[in-house]
Amino acid sequence: MSDFLTVFFGTIVLSSMAIIIHLKAAYHPFHNPIPLIISSLAVMLTGIFASSLINSNLTFLDSMRVSVSESIIAILGISPLIYLAIFIILAKVSISTSEIDLN
Amino acid sequence: MARMGPAFRRSKLGAPLFLVGLLLTIYPPDGLLVAESRASDEMLATLEWLAPALVGFILVASGAPIYYVTNKTRLILGWALVLFAGYSIFVNRPLEADSIILGISALLGILITVILHLLAVRFTESLSSGDGVTEPLDEDEIKHVSAILSSHLSQMEGPADE
(Lines give C-alpha, C1' and ligand atoms only; values in the text may rest on other atoms or scores of the structure.)
Protein backbone atom coordinates (compact mmCIF):
# COMPACT_ATOMS: atom_id res chain seq x y z
CA MET A 1 0.00 0.00 0.00
CA SER A 2 2.89 2.32 0.82
CA ASP A 3 4.35 1.87 -2.69
CA PHE A 4 0.93 2.47 -4.24
CA LEU A 5 0.51 5.77 -2.35
CA THR A 6 4.12 6.83 -2.97
CA VAL A 7 3.60 6.38 -6.72
CA PHE A 8 0.16 8.05 -6.58
CA PHE A 9 1.43 11.21 -4.86
CA GLY A 10 4.67 11.15 -6.87
CA THR A 11 2.65 11.18 -10.08
CA ILE A 12 0.60 14.12 -8.78
CA VAL A 13 3.85 16.03 -8.13
CA LEU A 14 5.26 15.03 -11.55
CA SER A 15 2.06 15.96 -13.41
CA SER A 16 1.86 19.32 -11.64
CA MET A 17 5.47 20.03 -12.63
CA ALA A 18 4.61 19.14 -16.24
CA ILE A 19 1.59 21.50 -16.15
CA ILE A 20 3.71 24.37 -14.77
CA ILE A 21 6.37 23.83 -17.48
CA HIS A 22 3.60 23.62 -20.08
CA LEU A 23 2.08 26.93 -18.85
CA LYS A 24 5.49 28.61 -19.13
CA ALA A 25 6.20 27.14 -22.57
CA ALA A 26 2.69 27.94 -23.87
CA TYR A 27 2.64 31.51 -22.55
CA HIS A 28 1.35 34.17 -24.94
CA PRO A 29 0.33 37.81 -24.43
CA PHE A 30 -3.42 37.06 -24.28
CA HIS A 31 -3.14 34.46 -21.54
CA ASN A 32 -2.92 35.00 -17.79
CA PRO A 33 -1.34 31.81 -16.38
CA ILE A 34 -0.78 33.09 -12.81
CA PRO A 35 -3.97 31.57 -11.21
CA LEU A 36 -3.24 28.22 -12.89
CA ILE A 37 0.41 28.29 -11.79
CA ILE A 38 -0.72 29.00 -8.21
CA SER A 39 -3.26 26.14 -8.30
CA SER A 40 -0.69 23.74 -9.79
CA LEU A 41 1.87 24.75 -7.16
CA ALA A 42 -0.74 24.13 -4.44
CA VAL A 43 -1.51 20.66 -5.84
CA MET A 44 2.22 19.91 -6.14
CA LEU A 45 2.97 21.02 -2.56
CA THR A 46 0.05 18.92 -1.30
CA GLY A 47 1.50 15.91 -3.15
CA ILE A 48 4.97 16.54 -1.68
CA PHE A 49 3.51 16.92 1.81
CA ALA A 50 1.47 13.71 1.48
CA SER A 51 4.47 11.73 0.20
CA SER A 52 6.59 13.05 3.07
CA LEU A 53 3.96 11.74 5.49
CA ILE A 54 4.21 8.27 3.92
CA ASN A 55 8.04 8.29 3.84
CA SER A 56 8.45 9.88 7.26
CA ASN A 57 12.04 8.58 7.62
CA LEU A 58 13.15 10.81 4.72
CA THR A 59 13.57 14.57 4.52
CA PHE A 60 10.99 16.67 2.67
CA LEU A 61 13.18 16.99 -0.44
CA ASP A 62 14.29 13.34 -0.47
CA SER A 63 10.70 12.08 -0.14
CA MET A 64 9.78 14.20 -3.18
CA ARG A 65 12.75 12.85 -5.18
CA VAL A 66 11.94 9.26 -4.23
CA SER A 67 8.21 9.52 -4.98
CA VAL A 68 8.77 11.24 -8.35
CA SER A 69 11.39 8.62 -9.30
CA GLU A 70 9.03 5.80 -8.31
CA SER A 71 6.24 7.37 -10.36
CA ILE A 72 8.53 7.60 -13.42
CA ILE A 73 9.35 3.89 -13.02
CA ALA A 74 5.63 3.08 -12.72
CA ILE A 75 4.73 5.06 -15.86
CA LEU A 76 7.56 3.39 -17.80
CA GLY A 77 6.35 0.02 -16.48
CA ILE A 78 3.02 0.36 -18.30
CA SER A 79 4.48 2.05 -21.39
CA PRO A 80 4.29 -1.25 -23.37
CA LEU A 81 0.48 -0.94 -23.07
CA ILE A 82 0.68 2.51 -24.69
CA TYR A 83 2.84 0.94 -27.43
CA LEU A 84 0.18 -1.73 -27.92
CA ALA A 85 -2.62 0.86 -28.21
CA ILE A 86 -0.73 2.86 -30.88
CA PHE A 87 0.19 -0.41 -32.64
CA ILE A 88 -3.50 -1.35 -32.98
CA ILE A 89 -4.50 2.13 -34.23
CA LEU A 90 -1.71 2.17 -36.85
CA ALA A 91 -2.52 -1.41 -37.94
CA LYS A 92 -6.10 -0.28 -38.63
CA VAL A 93 -4.87 2.80 -40.52
CA SER A 94 -2.38 0.78 -42.59
CA ILE A 95 -4.94 -1.71 -43.87
CA SER A 96 -7.74 0.83 -44.23
CA THR A 97 -9.54 0.25 -47.56
CA SER A 98 -12.64 2.37 -46.99
CA GLU A 99 -13.84 3.98 -50.21
CA ILE A 100 -15.52 7.31 -50.71
CA ASP A 101 -18.85 7.19 -52.53
CA LEU A 102 -18.52 9.93 -55.14
CA ASN A 103 -22.02 9.47 -56.59
CA MET B 1 5.26 21.99 -26.41
CA ALA B 2 7.59 23.71 -28.88
CA ARG B 3 4.61 24.75 -31.01
CA MET B 4 2.36 26.18 -28.34
CA GLY B 5 1.06 29.74 -28.39
CA PRO B 6 0.18 32.07 -31.26
CA ALA B 7 2.16 31.55 -34.47
CA PHE B 8 3.83 34.96 -34.22
CA ARG B 9 5.34 34.25 -30.83
CA ARG B 10 5.79 30.54 -30.34
CA SER B 11 7.83 29.29 -27.47
CA LYS B 12 11.28 27.94 -28.27
CA LEU B 13 11.54 25.98 -25.02
CA GLY B 14 10.39 22.58 -26.30
CA ALA B 15 13.48 21.44 -28.21
CA PRO B 16 16.07 22.59 -25.60
CA LEU B 17 14.03 21.00 -22.80
CA PHE B 18 13.83 17.75 -24.76
CA LEU B 19 17.60 17.77 -25.41
CA VAL B 20 18.43 18.52 -21.75
CA GLY B 21 16.13 15.66 -20.66
CA LEU B 22 17.68 13.27 -23.18
CA LEU B 23 21.26 14.20 -22.19
CA LEU B 24 20.47 13.81 -18.46
CA THR B 25 18.92 10.42 -19.21
CA ILE B 26 21.95 9.19 -21.13
CA TYR B 27 24.54 10.83 -18.82
CA PRO B 28 22.93 10.96 -15.34
CA PRO B 29 24.68 13.26 -12.81
CA ASP B 30 26.43 11.94 -9.71
CA GLY B 31 24.82 11.83 -6.27
CA LEU B 32 21.52 10.26 -7.25
CA LEU B 33 19.35 8.48 -4.70
CA VAL B 34 18.78 4.74 -5.16
CA ALA B 35 15.27 5.34 -6.53
CA GLU B 36 16.60 7.97 -8.94
CA SER B 37 19.33 5.60 -10.19
CA ARG B 38 16.66 2.95 -10.78
CA ALA B 39 14.52 5.46 -12.66
CA SER B 40 17.54 6.49 -14.74
CA ASP B 41 18.34 2.85 -15.61
CA GLU B 42 14.67 2.26 -16.43
CA MET B 43 14.60 5.26 -18.77
CA LEU B 44 17.75 4.06 -20.55
CA ALA B 45 16.25 0.58 -20.93
CA THR B 46 13.01 2.09 -22.26
CA LEU B 47 14.91 4.19 -24.81
CA GLU B 48 16.16 0.95 -26.41
CA TRP B 49 12.66 0.17 -27.70
CA LEU B 50 11.08 3.62 -27.52
CA ALA B 51 13.44 5.21 -30.06
CA PRO B 52 12.79 2.66 -32.86
CA ALA B 53 9.09 2.58 -31.93
CA LEU B 54 8.73 6.37 -32.23
CA VAL B 55 10.55 6.53 -35.58
CA GLY B 56 8.52 3.53 -36.78
CA PHE B 57 5.20 5.08 -35.70
CA ILE B 58 6.02 8.32 -37.54
CA LEU B 59 7.05 6.41 -40.70
CA VAL B 60 3.92 4.22 -40.63
CA ALA B 61 1.64 7.22 -40.04
CA SER B 62 3.20 9.13 -42.94
CA GLY B 63 3.29 6.09 -45.25
CA ALA B 64 -0.26 4.84 -44.58
CA PRO B 65 -2.93 5.33 -47.27
CA ILE B 66 -4.07 8.94 -47.58
CA TYR B 67 -6.62 9.47 -50.38
CA TYR B 68 -5.61 6.06 -51.82
CA VAL B 69 -1.93 7.08 -52.03
CA THR B 70 0.39 4.79 -50.07
CA ASN B 71 4.12 5.21 -49.56
CA LYS B 72 5.08 1.53 -49.40
CA THR B 73 8.77 2.14 -48.63
CA ARG B 74 7.91 4.19 -45.53
CA LEU B 75 5.19 1.76 -44.53
CA ILE B 76 7.44 -1.32 -44.73
CA LEU B 77 10.40 0.41 -43.05
CA GLY B 78 8.10 1.81 -40.35
CA TRP B 79 6.50 -1.55 -39.61
CA ALA B 80 9.93 -3.20 -39.48
CA LEU B 81 10.99 -0.72 -36.78
CA VAL B 82 7.68 -1.06 -34.91
CA LEU B 83 7.92 -4.87 -34.94
CA PHE B 84 11.56 -4.69 -33.83
CA ALA B 85 10.47 -2.51 -30.90
CA GLY B 86 7.67 -4.97 -30.08
CA TYR B 87 10.15 -7.89 -30.14
CA SER B 88 12.45 -5.92 -27.84
CA ILE B 89 9.59 -5.32 -25.38
CA PHE B 90 8.52 -8.98 -25.54
CA VAL B 91 12.04 -10.27 -24.85
CA ASN B 92 13.30 -7.69 -22.34
CA ARG B 93 10.27 -6.19 -20.60
CA PRO B 94 7.49 -8.67 -19.79
CA LEU B 95 4.55 -7.04 -17.99
CA GLU B 96 4.25 -8.06 -14.34
CA ALA B 97 1.30 -7.75 -11.95
CA ASP B 98 3.24 -5.33 -9.71
CA SER B 99 3.99 -3.05 -12.67
CA ILE B 100 0.33 -2.99 -13.63
CA ILE B 101 -0.84 -2.15 -10.09
CA LEU B 102 1.72 0.66 -9.77
CA GLY B 103 0.82 1.79 -13.30
CA ILE B 104 -2.83 2.07 -12.26
CA SER B 105 -1.72 4.14 -9.28
CA ALA B 106 0.26 6.42 -11.62
CA LEU B 107 -2.69 6.77 -14.01
CA LEU B 108 -4.95 7.68 -11.07
CA GLY B 109 -2.45 10.36 -10.02
CA ILE B 110 -2.37 11.82 -13.53
CA LEU B 111 -6.18 11.72 -13.74
CA ILE B 112 -6.65 13.51 -10.39
CA THR B 113 -4.12 16.22 -11.36
CA VAL B 114 -5.75 16.80 -14.74
CA ILE B 115 -9.23 17.01 -13.16
CA LEU B 116 -7.97 19.53 -10.56
CA HIS B 117 -6.28 21.54 -13.32
CA LEU B 118 -9.46 21.60 -15.41
CA LEU B 119 -11.45 22.76 -12.36
CA ALA B 120 -8.88 25.54 -11.86
CA VAL B 121 -9.22 26.52 -15.54
CA ARG B 122 -13.02 26.61 -15.20
CA PHE B 123 -12.80 28.71 -12.04
CA THR B 124 -10.30 31.14 -13.61
CA GLU B 125 -12.48 31.57 -16.69
CA SER B 126 -15.55 32.21 -14.51
CA LEU B 127 -13.68 35.18 -12.97
CA SER B 128 -13.21 36.81 -16.39
CA SER B 129 -15.91 39.38 -17.21
CA GLY B 130 -15.20 39.18 -20.97
CA ASP B 131 -14.71 42.09 -23.35
CA GLY B 132 -18.34 42.41 -24.47
CA VAL B 133 -19.39 42.94 -28.09
CA THR B 134 -16.66 44.06 -30.48
CA GLU B 135 -17.26 47.47 -32.04
CA PRO B 136 -17.79 47.44 -35.84
CA LEU B 137 -14.97 48.75 -38.06
CA ASP B 138 -14.90 52.50 -38.69
CA GLU B 139 -14.49 54.04 -42.19
CA ASP B 140 -10.67 54.15 -42.10
CA GLU B 141 -10.45 50.53 -40.91
CA ILE B 142 -12.86 49.39 -43.64
CA LYS B 143 -10.70 51.11 -46.28
CA HIS B 144 -7.53 49.59 -44.81
CA VAL B 145 -8.92 46.03 -44.70
CA SER B 146 -10.41 46.40 -48.22
CA ALA B 147 -7.04 47.54 -49.56
CA ILE B 148 -5.27 44.53 -48.01
CA LEU B 149 -7.88 42.07 -49.35
CA SER B 150 -7.79 43.62 -52.85
CA SER B 151 -4.01 43.42 -52.87
CA HIS B 152 -4.03 39.75 -51.84
CA LEU B 153 -6.78 38.83 -54.32
CA SER B 154 -4.97 40.51 -57.22
CA GLN B 155 -1.78 38.62 -56.27
CA MET B 156 -3.71 35.33 -56.24
CA GLU B 157 -5.37 36.00 -59.59
CA GLY B 158 -2.09 37.09 -61.24
CA PRO B 159 -0.24 33.72 -61.49
CA ALA B 160 -3.42 31.87 -62.49
CA ASP B 161 -3.91 34.11 -65.52
CA GLU B 162 -0.36 33.57 -66.76
Side-chain angles (χ1 to χ4, degrees), chain A residues 3-16 18-19 21-22 24-36 38-40 42-44 47 58 62 65-81 83-84 86-87 90-91 93-97 99-100, chain B residues 1-2 4-6 9-11 13-14 17 32-40 42-43 45-46 49-50 53 57 60-61 63-65 67-68 70 75 78-79 82 85-86 89 93 95-96 98-110 112-114 116-117 119-121 123-124 127:
Chain A
D3 287 348
F4 189 89
L5 289 174
T6 300
V7 168
F8 176 73
F9 290 116
T11 315
I12 286 179
V13 175
L14 187 67
S15 310
S16 302
I19 288 173
I21 293 169
H22 166 76
K24 171 71 188 84
Y27 173 78
H28 61 80
F30 308 105
H31 184 219
N32 177 18
I34 302 233
L36 298 178
I38 291 171
S39 68
S40 295
V43 172
M44 190 170 87
L58 298 173
D62 282 355
R65 290 171 64 179
V66 167
S67 60
V68 168
S69 304
E70 293 293 345
S71 72
I72 290 171
I73 295 169
I75 292 168
L76 293 177
I78 54 161
S79 56
L81 294 177
Y83 164 89
L84 193 63
I86 300 175
F87 183 98
L90 285 181
V93 170
S94 296
I95 56 171
S96 168
T97 54
E99 293 188 4
I100 303 167
Chain B
M1 195 155 60
M4 285 305 215
R9 202 173 164 185
R10 277 186 175 153
S11 172
L13 274 177
L17 269 176
L32 295 180
L33 300 174
V34 176
E36 288 172 330
S37 295
R38 276 179 49 229
S40 179
E42 196 76 12
M43 282 194 275
T46 305
W49 67 264
L50 188 64
F57 287 151
V60 171
Y67 295 118
Y68 307 108
T70 306
L75 205 58
W79 273 115
V82 170
I89 293 171
R93 301 176 62 83
L95 270 178
E96 293 163 3
D98 281 358
S99 310
I100 293 172
I101 291 168
L102 292 178
I104 290 168
S105 169
L107 289 178
L108 280 175
I110 293 171
I112 295 282
T113 313
V114 169
L116 289 174
H117 180 64
L119 288 174
V121 169
F123 173 72
T124 309
L127 295 178

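Residue numbering restarts at 1 for every chain, and letters A, B, ... go by the order of the sequence lines. All values below come from the heavy atoms of this structure, side chains included, with hydrogens, waters and symmetry mates left out.
- Residues satisfying the side-chain contact (heavy atoms from CB on, under 4.5 Å) criterion with Ile78(A), sequence neighbours excluded, are Leu81(A), Leu107(B).
- In this structure, chain A has a heavy atom under 4.5 Å from the side chain of Ala53(B), while its backbone stays farther away.
- Between Ser15(A) and Val114(B) there is no side-chain heavy-atom pair separated by less than 4.5 Å.
- Residue contact with chain B, scored on non-hydrogen atoms closer than 4.5 Å, involves the side chain of Val43(A) exclusively.
- Inter-residue side-chain proximity for Ser40(A) and His117(B) is flagged as met; some heavy-atom pair is nearer than 4.5 Å.
- With rounding to the nearest 0.5 angstrom, the OG atom of Ser79(A) is 12.0 Å from the CE atom of Met43(B).
- Using a 4.5 Å cut-off between heavy atoms, Ser94(A) touches chain B through backbone and side chain atoms alike.
- With a threshold of 4.5 angstrom between heavy atoms, Ile89(B) approaches chain A through side-chain atoms but not through N, CA, C or O.
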(Q) Please evaluate residues Ile75(A) and Ile110(B) with respect to the criterion side chain to side chain contact (heavy atoms under 4.5 Å, CB included), reporting the C-alpha separation (whole Å), side-chain torsions for both, the decisive distance (0.1 Å), and the verdict. (A) CA-CA 10 Å; Ile75(A) 292 168; Ile110(B) 293 171; 4.3 Å; yes
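- Looking at Ser39(A), only its side chain comes within 4.5 Å of chain B, counting heavy atoms on both sides.
- Leu102(B) and Ala74(A) get closest at one heavy-atom pair: O-CB, 3.6 Å.
- The aromatic rings of Tyr83(A) and Phe57(B) lie tilted to each other, with the angle between the two planes from 30° to 60°.
- The shortest distance between side-chain heavy atoms of Thr113(B) and Ile19(A) falls below 4.5 Å.
- Here Ser105(B) pairs with Phe4(A), Val7(A), Phe8(A) under the side-chain contact (heavy atoms from CB on, under 4.5 Å) rule; sequence neighbours left out.
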